[in-house]
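Structure first, then comments.
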Number of protein chains: 2
Amino acid sequence: MTVLLTIIHVFGLITMGCGGLMSTSLLTSIFAKDGAMDAFIEGTAITLLLGALMFFSTLRATKKVTRQTGFLLVAITWSATPVFSAIPFLIYIPSLSFVDAYFESVSGLTTTGATIFSGIDNLPMSINLWRHELNWIAGMGIIIFAVAILPILGIGGMQLYMAEAPGSVKESDLPPRIAQTAKALWLVYAGITAVCIISLKLAGMNWFDAICHAFAAMSLGGFSTHDSNIGFFDSVPIEIVLTIFQLLAAINFATHFVVIRKRSLSPYREDMEMRGFLTLVLSSCLFAAYVLWDTGTYPDFPTALRHATFNLVTIATDCGFATQNFNQWPIFVPMWMLFLSCLSASSGSTGGGIRMIRTIILLKQTRLELFKFIHPYAIKSLRIGDQIISNNIVTSVTGFIFLYFMCIVILVFALLLTGLDFVTALSAIIACFNNAGPGLNQVGPATNYASLSDLQTMICSFAMILGRVQIFSIIILFVPEFWRK
Amino acid sequence: MTVLLTIIHVFGLITMGCGGLMSTSLLTSIFAKDGAMDAFIEGTAITLLLGALMFFSTLRATKKVTRQTGFLLVAITWSATPVFSAIPFLIYIPSLSFVDAYFESVSGLTTTGATIFSGIDNLPMSINLWRHELNWIAGMGIIIFAVAILPILGIGGMQLYMAEAPGSVKESDLPPRIAQTAKALWLVYAGITAVCIISLKLAGMNWFDAICHAFAAMSLGGFSTHDSNIGFFDSVPIEIVLTIFQLLAAINFATHFVVIRKRSLSPYREDMEMRGFLTLVLSSCLFAAYVLWDTGTYPDFPTALRHATFNLVTIATDCGFATQNFNQWPIFVPMWMLFLSCLSASSGSTGGGIRMIRTIILLKQTRLELFKFIHPYAIKSLRIGDQIISNNIVTSVTGFIFLYFMCIVILVFALLLTGLDFVTALSAIIACFNNAGPGLNQVGPATNYASLSDLQTMICSFAMILGRVQIFSIIILFVPEFWRK
Ligand SMILES: [K+]
Ligand SMILES: [K+]
């Protein structure tokens with residue numbers, strides 16, 4: 001009972017925050033006279049009111065958050081907040097079903113960026129801003145969740161993050177308290193976003209597009225204000241700016257923070273995740289460009305390199321923009337892009353999937369197994385940098401990765417049961433589960449998720465949430481021991 | 001140098017065995033006057049001669065087989081023996097390329113049962129017998145490899161097999177020495193095969209078909225003497241007999257041995273792998289039948305159950321017969337069949353893939369992780385039956401499964417690079433790597449592997465060998481430490 005009160009209390013606060021954010025879209029709507037004013041007035045009023053009701057009616061609740069409360073809060077925040085943020089969509093587009101509005105809203109708040117809207121170019125400014133604000137604020141939340149909360153909950157080996165510092169960031173380099181850490185990360189995130197907005201403006205976007213796409217890039221959300229996405233601009237400078245900021249956003253924000261605080265680039269050099277990520281992604285760009293050129297998809301290598309780089313980076317970082325219909329490329333390239341989306345992004349970034357640090361641990365563990373196989377009596381530990389990674393963490397990591405694959409298998413089979421073709425089902429689940437965005441075939445970059453049935457849409461929404469909370473926070477609710485005591 | 005001599009010596013013995021086996025097909029050919037006599041005379045002569053040359057020229061070699069020699073022997077046996085066993089194919093069909101003949105030969109000796117031959121019904125009796133003999137003798141070799149040799153090499157957690165006895169078979173229940181174990185298993189295998197032959201004859205096959213299909217069923221090889229495979233017979237009794245014997249063949253042969261020796265069925269009840277396998281496969285049959293009936297693929301439930309059961313069991317056990325073109329079924333069912341082929345078969349059986357025991361350990365480990373997540377300070381071990389499974393074995397098992405997935409990913413991407421479509425590439429690799437047989441689309445049950453290019457055929461041959469030796473024995477050769485000292 002006290003747990004329930006605490007959860008309602010905190011969730012009320014989050015809901016009020018959502019309402020507060022919505023009011024900025026309301027102001028935009030009033031200012032731009034774009035016709036969505038009513039939707040945002042009603043949306044803001046309902047959200048603020050219900051949020052306040054939840055918050056103030058439970059003032060007596062204890063402020064102490066146990067692990068159990070923590071998991072429940074994470075699950076509820078990511079599944080119930082989208083109900084509120086969907087209100088403006090529902091009011092502005094009366095023909096929109098709740099399932100579709102919820103999907104768009106979940107897609108924003110999980111920074112997936114898959115959309116069911118067509119004719120985005122003609123949507124009111126404020127509605128598009130709201131979609132991108134969802135991306136951006138969620139990105140912020142995810143970074144704080146990853147850096148400050150995940151280690152406390154100890155999800156899938158992420159207790160090693162900070163505590164055991166694989167790579168560059170030592171605990172002592174970060175502010176000691178969650179509130180301070182959060183504030184520091186917020187400043188870094190907002191600061192880089194500001195630089196991104198200005199760079200996009202200089203590269204040729206108007207201010208509105210620059211703000212929206214900087215929000216989408218820094219959160220690795222991938223929403224756009226155009227149906228043809230970044231292809232709309234057909235601009236090399238814009239593609240270069242976005243590529244750079246997407247790569248930055250897929251790096252641990254704690255590393256960025258330490259770089260800024262120390263005024264030294266050495267933390268980048270020491271960040272093993274970042275090194276692995278950049279090596280993998282950039283060499284993949286070259287190879288993909290070679291394949292596209294070799295198969296005659298593009299007439300010359302520079303064109304192939306341009307399109308391979310932008311589209312591969314955006315999928316590998318789980319951002320999910322697009323400039324080309326890569327669904328029509330030789331299948332090796334888009335499949336490789338989806339594969340990278342599963343494992344490239346760093347922990348402490350806004351990307352999704354397994355995360356590079358877990359990939360590295362698994363690779364090193366397998367290498368160690370092969371070594372032990374040859375020298376059965378040798379004693380050798382798994383090391384990252386000069387840290388020994390304990391067996392507990394290794395089993396956490398392998399447990400996480402196994403759950404990750406099991407979830408993909410189960411969700412893909414669920415979609416297959418609804419009658420989707422295999423490539424659509426597999427790519428939709430991978431794209432949603434990694435919070436990347438576009439898939440292939442029926443959900444490819446040239447189309448969107450609108451053609452899915454209600455049941456298929458709900459499965460995809462669930463996949464986005466499950467991936468965003470790193471599986472455990474939802475799965476744990478199905479374990480009987482969780483509810484005992 | 002001594003290592004090389006020992007390897008040549010043992011491989012010479014194996015080659016002579018191969019020649020000896022070939023002479024039985026030669027006799028068949030003489031007896032049946034089927035026109036393949038020349039092919040078998042030359043094949044037998046070359047094989048026996050080269051085998052004898054290798055064996056007798058290295059008589060001075062040490063008979064002591066180290067771990068290193070063991071791995072090399074396994075790798076060489078499974079990749080070089082098919083060269084000899086391909087000779088009759090090459091001589092009888094002059095238009096056959098070496099790559100294709102090697103594929104057919106590897107397919108036989110790895111008990112995969114994928115074929116590049118069309119017009120099988122019109123092949124000489126002796127050629128068909130030779131294909132099925134390859135299946136059967138390899139099945140025997142695999143069981144001995146799994147029960148007697150794998151535990152010594154300690155591959156992928158299989159040291160627990162027998163040594164730690166997960167399930168029913170205690171070390172003390174089996175004869176103490178490899179030679180005795182091998183002989184006991186050989187008797188069980190040959191005995192059940194004899195019962196299978198008689199049952200198939202009673203069910204309506206002629207003696208030749210009964211022998212060939214019993215060989216294919218007991219080895220889970222899945223070759224047939226007809227292009228339309230078991231669909232040729234269109235007989236419920238034959239399907240029932242084959243289903244039962246395939247299920248038996250996918251159970252640990254050590255369990256069969258103990259059941260026969262103790263004259264008690266209780267070892268079956270205690271065999272956890274078998275319980276998991278039967279529960280999973282039989283409930284999948286019911287569900288698949290429901291889907292086929294619900295989607296109107298078959299007009300009534302009994303027909304759907306008949307076809308679902310036979311085709312699902314044969315793929316799940318990695319046998320790979322077919323009575324229907326399941327490529328045209330709703331995609332959920334054939335994909336689920338391929339998924340089951342990855343994990344259903346028991347250790348110590350002739351099936352392939354991950355094996356049920358590793359699946360069970362991984363599931364239990366993940367369950368344990370979730371428990372530890374809720375009670376971080378609780379101390380709890382992984383148990384199978386009343387045995388505690390040590391951490392070493394758990395990491396071996398997870399290492400194996402990770403390598404398994406990595407191999408599939410790499411091989412699928414290799415096939416995609418050659419231009420195959422995704423479903424063909426994925427299903428071909430899964431079917432070859434698990435030694436199951438038919439895949440989907442271009443390599444589906446109504447067609448065969450003949451349409452693949454030479455490069456694609458070679459990739460599939462490699463996948464079959466890699467899967468058959470449980471990955472490690474090949475992968476280990478690429479680890480630098482293996483070659484040092
Ligand atoms: K995204
Ligand atoms: K087979």
Side-chain angles (χ1 to χ4, degrees), chain A residues 67-68 71 153-156 159 291 295 330-333 335-336 339 362-363 365-376 391-392 394-396 398-403 405-406 409 412-423 425-427 440 472 475-476 478-479 481-482 484-485, chain B residues 67-68 71 153-156 159 291 295 330-333 335-336 339 362-363 365-376 391-392 394-396 398-403 405-406 409 412-423 425-427 440 472 475-476 478-479 481-482 484-485:
Chain A
R67 277 167 62 91
Q68 194 191 29
F71 287 122
L153 298 181
I155 288 181
Q159 58 271 42
V291 172
T295 54
I331 184 78
F332 174 87
V333 180
M335 276 296 164
W336 187 252
F339 176 66
L362 192 59
L363 282 173
Q365 171 64 19
T366 308
R367 184 74 184 69
L368 189 64
E369 278 303 312
L370 285 174
F371 175 84
K372 281 202 285 187
F373 208 53
I374 294 161
H375 300 290
N391 223 329
N392 263 343
V394 172
T395 53
S396 280
T398 51
F400 175 87
I401 293 174
F402 178 64
L403 269 182
F405 276 109
M406 278 308 296
V409 167
V412 167
F413 276 114
L415 279 189
L416 289 182
L417 260 186
T418 67
L420 273 187
D421 73 282
F422 183 68
V423 171
L426 180 72
S427 64
L440 297 172
F472 275 101
I475 294 290
I476 203 83
F478 296 97
V479 178
E481 283 96 348
F482 181 77
R484 269 179 223 146
K485 193 184 68 171
Chain B
R67 276 166 62 91
Q68 196 190 26
F71 287 122
L153 299 180
I155 288 181
Q159 59 270 44
V291 172
T295 54
I331 185 77
F332 173 86
V333 179
M335 277 295 164
W336 187 252
F339 176 67
L362 192 59
L363 282 173
Q365 172 63 20
T366 308
R367 185 72 185 70
L368 189 64
E369 279 303 313
L370 285 174
F371 176 83
K372 281 203 285 189
F373 207 54
I374 294 162
H375 300 290
N391 224 329
N392 263 342
V394 172
T395 55
S396 279
T398 52
F400 175 86
I401 293 174
F402 178 64
L403 269 182
F405 277 109
M406 279 309 294
V409 167
V412 168
F413 275 113
L415 279 189
L416 289 181
L417 261 185
T418 66
L420 273 187
D421 74 282
F422 183 68
V423 170
L426 179 72
S427 65
L440 297 172
F472 275 100
I475 293 291
I476 204 84
F478 296 97
V479 179
E481 283 96 348
F482 181 77
R484 268 179 224 148
K485 192 183 66 170

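The model shown is predicted, which means the values in this text are computed figures rather than measured ones. To find a chain, count down the sequence lines: A is the first, B the second, and so on, and within it residues start at 1. As a basis for the values below, the full set of heavy atoms in this structure was taken, side chains included, without hydrogen atoms, waters or symmetry mates.
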> Which heavy atom in B/Ile476 sits nearest to a heavy atom in A/Leu370, and how many Å separate them?
Replying inline: CD1-O, 3.9 Å

> Using a cut-off of under 4.5 Å for heavy-atom pairs, which of B/Leu362, B/Leu403, B/Leu363, B/Val291 has the most such pairs with chain A?
Replying inline: B/Leu362

> Tell me, side chain or backbone of A/Thr395 under 4.5 Å from chain B's heavy atoms, or both, or neither?
Replying inline: both

> What part of A/Val412 is in contact with chain B, defined as an atom under 4.5 angstrom from a non-hydrogen atom: side chain, backbone, both or neither?
Replying inline: neither

> What part of B/Ile475 lies closer than 4.5 angstrom to a heavy atom of chain A: side chain, backbone, both or neither?
Replying inline: side chain

> Only one of B/Asp421, B/Leu416, B/Leu420, B/Leu417 forms a side-chain contact (heavy atoms from CB on, under 4.5 Å) with A/Ile331, so which one is it?
Replying inline: B/Leu416

>> What part of A/Leu426 gets within 4.5 angstrom of chain B, counting heavy atoms only: side chain, backbone, both, or neither?
In response: side chain

>> Tell me the closest heavy-atom pair linking B/Phe422 and A/Phe422, and the distance in Å.
In response: CE2-CE2, 3.5 Å

>> Please classify the contact between B/Phe402 and chain A as side chain, backbone, both or neither, with a heavy-atom cut-off of under 4.5 Å.
In response: side chain

> Among A/Phe371, A/Phe405, A/Trp336, which has the most heavy-atom pairs under 4.5 Å with chain B?
Replying inline: A/Trp336

